[in-house]
Amino acid sequence: MKELSLNILDITENSVKAGATLTEITLDESDKNLILTIKDDGCGMSEETVKSVTDPFYTTRTTRKVGLGLPFLKLAAEQTGGGIEITSVVAKDENSPHGTCVTATFNKEHLDFTPLGDITATVTTLVQGHPDTDFLFIHRKNGGEATLDTRELRQVLEDVPLDTYDVIKWIEEYLREQYSQIN
Amino acid sequence: MKSLAELQAIKDKMKDKVVIREGVNETRVVVGMATCGIAAGARPVLNAFVEAVNEGGLADKVTVSQTGCIGICQFEPVVEVHEAGKEKVTYVKMTAEKAKEVVEKHLKGGNVIAEYTISNN
C-alpha cells in the first residue's frame, strides 16, 4: 500500500464485514510515533482465528486463497520497528460485549515509515460505502484533533442517508477544515 | 467553519428528494474495494465516479457502490457497470481519469469504451 490510509480503509472493511454497528478509528500521533487503533463491535474472532489472521494464507474471501489485509498492515508497522496487536471477543449472545480491536504502532522517524496519505478520502469512502453503520474517527496530533462521529450526523439528518452526495462533500470539507487547524 | 447547522440545511433540501429517488436508479456502477482493489488504486477511482455521477446530474439514474474482491485481482482496479436489460460491462485497470471518461461516454452518452474493458486487456 502506498499510504497507511489505504491500509486503514482495507482493515476497517473487515470490521464492517464482521457486522459492526460502530467502528472506532483512532490515530494518536506524536513527533516520533503513530498509534492506530481500529476497534469494532462486530462478531469477533476465536483465539485460533486471531492467531491466523496475519498469515497471508488465511482469508475469508472465497475468490482467492490469500488474504493480505492484516499481513500488509503488520508489515507496514514492523518495517518501522513497531508492530500490531489484535484482541477479539466472540459474540456469545446479543447482550455480552464483543468485537475486535487492532492496534498498530509505527515509528515515524524510521526510513520505511509509510506516510499516512489522504485519510480524509478514506473516511469519506467508508461512509459512502457503508452508510448504515457508524464510524467514530479521531486523529490526535500537535495538541489538537480532527474528529468525525457519524452518530451525530445521523441525529441531524434523520432519514436522509449518509451516502447522500452533499453529505459526503460536507464530511470531506469538515475534516479538511479541521486538518488545516492541526497540521 | 463547517457546522451541523449546514447539515440541517442539506437534510431539508434532501427530504423531498429521498422519496422520489427510491427505486428509480436503473444503472449500478460497482467498484471492487478489497485489498487487491485498494492497493491498485480503487479509492480515487470510486471517488471519481461518485463525483462525476453527481456533478454530471446522473444521481437519479446511477448508483455507485462498493464490493469486495471480484476475483480478477491482476486487473484491479475493476469496475462493473450493470444497466437494466443490458449485459454487464467490466472495466479493468481503471484510473480516476478513465472513470470520468466512462461517466461521460458510457453513462451519459451510451457508448461503452471498449478499449478499457476486460476483453481488450
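Bear in mind the structure is a predicted one, so any value in this text is a computation, not a measurement.
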Would you say [X] has more than 12 foreign heavy atoms packed within less than 6.0 Å of its [atom1]?
X      : atom1 : result
B:K98  : NZ    : yes
A:E85  : CD    : no
A:Q155 : CD    : no
A:D31  : CG    : no
A:E47  : CD    : no

Contacting moiety of [X], where chain B heavy atoms sit under 4.5 Å:
X      : result
A:L153 : both
A:Q128 : both
A:K169 : side chain
A:D118 : both

Rounded to the nearest 0.5 Å, what separation is found between the [atom1] atom of [X] and the [atom2] atom of [Y]?
X      : Y      : atom1 : atom2 : answer
B:I38  : A:L9   : CD1   : CG    : 4.0 Å
B:N47  : A:E172 : CG    : CD    : 7.5 Å
A:L157 : B:L7   : CG    : CG    : 4.0 Å
B:M14  : A:D166 : CE    : CG    : 6.5 Å
B:K2   : A:Q178 : NZ    : CD    : 12.0 Å

When you measure from the side chain of [X] to the backbone of [Y], do you find a donor-acceptor pair of N or O atoms at a distance under 3.5 Å?
X      : Y      : value
B:Q66  : A:T125 : yes
A:W170 : B:L4   : no
A:E13  : B:T35  : no

Note to self: With side-chain contact (heavy atoms from CB on, under 4.5 Å) as the criterion, how do A:E3 and B:R43 come out once you've worked through the C-alpha distance, each side chain's angles and the decisive distance to 0.1 Å?
What the structure shows: CA-CA 11 Å; A:E3 306 175 2; B:R43 190 182 64 187; 2.8 Å; yes
If two hydrophobic side chains count as joined below 4.5 Å and joins carry through other members, does [X] share a cluster with [Y]?
X      : Y      : value
A:I119 : A:I182 : yes
A:Y179 : A:I8   : yes
B:V29  : B:V112 : yes
A:L4   : A:L75  : no
A:V50  : A:I38  : yes

Notebook entry, point to check: Which of the residues A:T122, A:L68, A:N7 is involved in the greatest number of heavy-atom pairs with chain B at under 4.5 angstrom?
Noted result: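 That would be A:T122.
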Note to self: Looking at every non-hydrogen atom in both residues, tell me the closest pair between A:M1 and B:A39 and how far apart they are.
What the structure shows: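 Smallest heavy-atom distance, with atoms named: SD-CA, 3.7 Å.
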Margin query: Less than 4.5 Å to any heavy atom of chain A: does that hold for the side chain of B:S3, its backbone, both, or neither?
Written below: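 The backbone, not the side chain.
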Item checked: Engaged part of B:V53 at the chain A interface, taking heavy atoms whose separation is under 4.5 Å ->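 No part of B:V53 comes within 4.5 Å of chain A.
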What residue in [options] has the most heavy-atom pairs under 4.5 Å with chain A?
options                    : result
B:A40, B:G41, B:C69, B:G71 : B:C69
B:C73, B:G68, B:A34, B:S65 : B:C73
B:V31, B:V64, B:I72        : B:V64
B:D12, B:T67, B:I70, B:L46 : B:L46

Notebook entry, point to check: Between A:Y165 and B:E51, does any side-chain donor sit less than 3.5 Å from a side-chain acceptor?
Noted result: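 No donor-acceptor contact under 3.5 Å links the two side chains.
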